[in-house]
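Heads up, the thing below is written out as structure tokens.
All chains are named by letter (A, B, ...) in the order of the sequence lines, taking the proteins before the strands, and each is independently numbered beginning at 1. Please read all numbers here as calculations on a predicted model, not as lab measurements.
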Protein chains: 2
Amino acid sequence: MNLTVAEENYIKAIFHLQQAEGNVSTNQLAASLHTKPASVTDMLKKLTNKNLLNYKPYQGVRLSKEGKKQALMIVRRHRLWEFFLVDKLQFGWDEVHEVAEELEHVSSKKLVEKLDSFLGHPKFDPHGDPIPDVHGNMVAIRQFNLIDIQPGTLVEVCSVGSQSAELLELLRHKNIGISTEMLIMKKFDFDHSVEIKIKNSQHINISQQLAQALFVKLV
Amino acid sequence: MNLTVAEENYIKAIFHLQQAEGNVSTNQLAASLHTKPASVTDMLKKLTNKNLLNYKPYQGVRLSKEGKKQALMIVRRHRLWEFFLVDKLQFGWDEVHEVAEELEHVSSKKLVEKLDSFLGHPKFDPHGDPIPDVHGNMVAIRQFNLIDIQPGTLVEVCSVGSQSAELLELLRHKNIGISTEMLIMKKFDFDHSVEIKIKNSQHINISQQLAQALFVKLV
DNA sequence: AATTATTTTTAGACAAATCTAAATAAATTA
DNA sequence: TAATTTATTTAGATTTGTCTAAAAATAATT
């Protein structure tokens, strides 16, 4: 099953839209892909012939089993590259999307698996979205960057943004690890640092850089 | 100047062919790109309109100044990605070409420059071909991988394949550095190690891994 | 120099992905 | 329910990059 760039973009857009809504409409897709409804109809027919979609005219569309499998692999590539760009190339997490849109279409199986190993099999991308594994499995819950959490919220650390020795050293020093629970106390505008309180411990301050490297879930 | 993948592939092919020969013929290009002469003629007209080529019907073609500039940036991306694949993702140097063919078309300026920094501004790709810098300048001489040199040859170290601490430690220990001259004595089939003699020093043995990381020129 | 062979270009067609404009189906509202 | 609005599909055209077959230019050979 070899897909063109255009086909992959349709599959990915349908995947994301059908998470929220049920069946995805032609107009929704056209808006999402910055194209016209007539073009969408054409492509839906084509992808239906390839058994990637369940599509009935006027009834909207959903991914077939095979379509979902393809979508998960595209999302996997996209999020792995986003992680690479932030963790290795020092991109800001807000400037990686467009570049990852291009890299995701390089589909060498070997490249993707070696990249995954090189990155240390990350579970979440820099936005906190889960990265599907090689079989398409991924964590269901949405994780948040600590920097985005409002004061007063109780959260639990789920994963860290990189595996660098420097980060791990700092985490050990602050006694923060996976599944550490913490209450967000205050955010300081001056340096974007965050004051937190770890269960049965004192208040500590976390720098912007560290907060951006911590992914948490609400408890 | 935004080029399509097809256009970039033509520019790159012309660049490589005009190194060897003078003007590049339609048939040569068709063979090199696995396409038909008629298709080549069409594309040559198109690229000529974009001022990337100097082309006269029946007279063959050469890159214009702007075309050469574009070609050098494509080659730069290709070789940087090849270096990345071998040095970071542990690909064999003989299996990177096809993947790099795809990655080279991702043309984000920022991506390429950050990748270059991340890799330590390498001067040669894993095949010993020079990597053009951001201005299109590159070393003229062809370098060779030490592993490919025949016994009896006198060579001089020009660059090393990576900047890892582990490699640098080993080189220091063996007293090998840039511009070290060495005579290749013997190659062992069992482990692909190489016996060399450094000027004014004793014979030493170099492992396959180390030999692959050393780039030399003939003296 | 005339003929033959090779190379290159032109002419016309095709698939992929898109578009506009018109037609049709579905949903909404009076 | 009928009329109207909105959503979707069809029909036909366009662009990009390719192709085959035929024509034209160049090169090689007798």
Side-chain angles (χ1 to χ4, degrees), chain A residues 1-14 17-18 20-63 67 70-71 74 101-102 104-105 107, chain B residues 1-15 17-18 20-63 67 70-71 74 101-102 104-107:
Chain A
M1 182 63 57
N2 250 356
L3 301 180
T4 66
V5 170
E7 288 170 337
E8 287 194 345
N9 284 333
Y10 273 85
I11 294 288
K12 192 173 52 134
I14 296 167
L17 289 171
Q18 80 176 24
E21 337 263 330
N23 277 24
V24 179
S25 76
T26 303
N27 265 5
Q28 274 181 303
L29 267 170
S32 162
L33 290 162
H34 305 108
T35 182
K36 295 284 140 49
S39 311
V40 172
T41 302
D42 287 347
M43 184 59 101
L44 293 185
K45 286 189 207 158
K46 200 172 145 211
L47 293 174
T48 301
N49 280 337
K50 292 194 172 191
N51 292 312
L52 295 166
L53 302 182
N54 296 126
Y55 162 68
K56 296 247 172 59
Y58 296 102
Q59 304 301 131
V61 73
R62 312 211 85 212
L63 293 173
Q70 294 290 333
I74 300 165
E101 288 283 87
E102 292 196 61
E104 74 189 1
H105 300 298
S107 60
Chain B
M1 182 64 56
N2 251 357
L3 301 179
T4 66
V5 170
E7 288 170 338
E8 287 193 347
N9 284 334
Y10 273 86
I11 294 289
K12 192 173 51 136
I14 296 167
F15 176 82
L17 288 172
Q18 79 175 28
E21 338 263 328
N23 277 24
V24 180
S25 76
T26 303
N27 265 5
Q28 275 181 301
L29 267 171
S32 161
L33 291 162
H34 306 107
T35 183
K36 297 283 141 50
S39 310
V40 172
T41 302
D42 287 347
M43 185 59 101
L44 293 185
K45 285 189 206 156
K46 198 172 146 213
L47 292 174
T48 301
N49 280 337
K50 292 194 173 192
N51 293 310
L52 295 165
L53 303 181
N54 295 126
Y55 162 68
K56 295 248 173 58
Y58 297 101
Q59 302 301 132
V61 73
R62 312 211 85 211
L63 292 174
Q70 294 290 332
I74 300 165
E101 289 280 88
E102 293 196 60
E104 75 189 2
H105 300 298
V106 179
S107 59

> Looking at residues at least two apart in the chain, or sitting in another chain, which of them share a side-chain contact (heavy atoms from CB on, under 4.5 Å) with B:T48?
Replying inline: B:L53, B:Y55

Does [X] place a side-chain N or O at less than 4.0 Å from the phosphate oxygens OP1/OP2 of [N]?
X: B:N27; N: C:dT8; result: yes
X: B:S25; N: C:dT8; result: yes
X: A:K36; N: C:dT18; result: no
X: B:T4; N: D:dT16; result: no

> When you measure from the side chain of A:Q18 to the backbone N and O of A:L63, does any donor-acceptor pair fall under 3.5 Å?
Replying inline: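 Yes: the side chain of A:Q18 pairs with the backbone of A:L63.
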
>> Nearest whole Å is fine: how far is D:dT6 P from A:Q28 CD?
In response: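 My rounded result for the distance is 17 Å.
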
> B:M43 has an atom CE; how far is it from atom C1' of C:dT9, in whole Å?
Replying inline: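 Nearest whole value for this atom pair: 17 Å.
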
Identify every side-chain donor-acceptor pair in residues 22-30 of chain A under 3.5 Å, counting partners at least two apart or on other chains, and give the distances.
from  : atom 1 : to    : atom 2 : distance (Å)
A:N23 : ND2    : A:Q59 : O      : 3.0
A:S25 : OG     : A:Q28 : N      : 3.1
A:S25 : OG     : A:Q28 : OE1    : 3.4
A:Q28 : OE1    : A:S25 : N      : 2.9

>> I'd like to check the salt bridge (Lys or Arg N to Asp or Glu O under 4.0 Å) partners of A:E8; sequence neighbours left out, ordered by chain and number.
In response: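 Partners of A:E8 under the salt bridge (Lys or Arg N to Asp or Glu O under 4.0 Å) test: A:R77.
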
>> Under the rule for salt bridge (Lys or Arg N to Asp or Glu O under 4.0 Å), what residues qualify as partners of A:K45, not counting sequence neighbours?
In response: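 A:K45 satisfies salt bridge (Lys or Arg N to Asp or Glu O under 4.0 Å) with no residue once adjacent residues are dropped.
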
For residues 31-43 of chain A, which side-chain N or O atoms pair as donor and acceptor with protein atoms under 3.5 Å away, sequence neighbours left out?
from  : atom 1 : to    : atom 2 : distance (Å)
A:T41 : OG1    : A:P37 : O      : 3.3

Could you go through nucleotides 9-11 of chain D and list every protein N or O atom that sits under 3.5 Å from one of its N or O atoms, giving the distance for each pair?
from   : atom 1 : to    : atom 2 : distance (Å)
D:dT9  : OP1    : A:Y55 : OH     : 2.5
D:dT9  : OP1    : A:Y58 : N      : 2.8
D:dT9  : OP2    : A:T26 : OG1    : 2.9
D:dT9  : OP2    : A:T41 : OG1    : 3.0
D:dT10 : OP2    : A:K45 : NZ     : 2.7

